[in-house]
Amino acid sequence: MFTKGEVAKIIGKSVPLGGGLLSGALNLITFKPMANQLNKYLKENYDYHENL
């Protein structure tokens with residue numbers, strides 16, 4: 001069995017980790033569709049020539 005202090009330490013370390021994972025997942029879910037839309041728009045409307 002865990003003591004109150006051990007449980008508090010485990011929770012204290014897991015909350016920021018879970019928050020980071022949630023934040024990263026939300027960023028991926030919200031930004032990826034718009035990034036794909038921007039990429040498609042740029043490919044269709046801009047002629048890119050690489051200068052060598």
Side-chain angles (χ1 to χ4, degrees):
M1 200 71 184
F2 294 111
T3 65
K4 285 184 182 180
E6 291 171 334
V7 171
K9 206 182 279 189
I10 291 169
I11 291 173
K13 290 184 184 235
S14 64
V15 167
L17 179 64
L21 291 172
L22 180 63
S23 175
L26 285 173
N27 275 319
L28 179 66
I29 291 168
T30 57
F31 283 112
K32 187 164 177 143
M34 293 307 292
N36 289 338
Q37 185 176 349
L38 175 61
N39 192 20
K40 181 181 173 187
Y41 175 82
L42 292 174
K43 283 181 181 178
E44 291 173 355
N45 295 307
Y46 288 96
D47 190 19
Y48 175 75
H49 295 288
E50 186 173 337
N51 294 327
L52 297 176

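Counting begins at 1 with the first residue of the sequence. This one's a predicted model, so the numbers in the text were calculated from it and none came from an experiment.
- Residue Leu22 shares its hydrophobic cluster (ILVMFWY side chains chained together at separations under 4.5 Å) with Leu26.
- Between Met1 and Glu6, the closest heavy-atom pair is O-OE1, 4.3 Å.
- Ile29 and Leu21 are assigned to two separate hydrophobic clusters, defined by single-linkage of ILVMFWY side chains at heavy-atom distances under 4.5 Å.
- Closest approach of Gly12 to Pro16, counting heavy atoms only: O-CD, 3.1 Å.
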What side-chain donor-acceptor pairs closer than 3.5 Å can you find for residues 35-43, not counting sequence neighbours?
unit_1: Asn36; atom_1: ND2; unit_2: Lys32; atom_2: O; d: 3.4

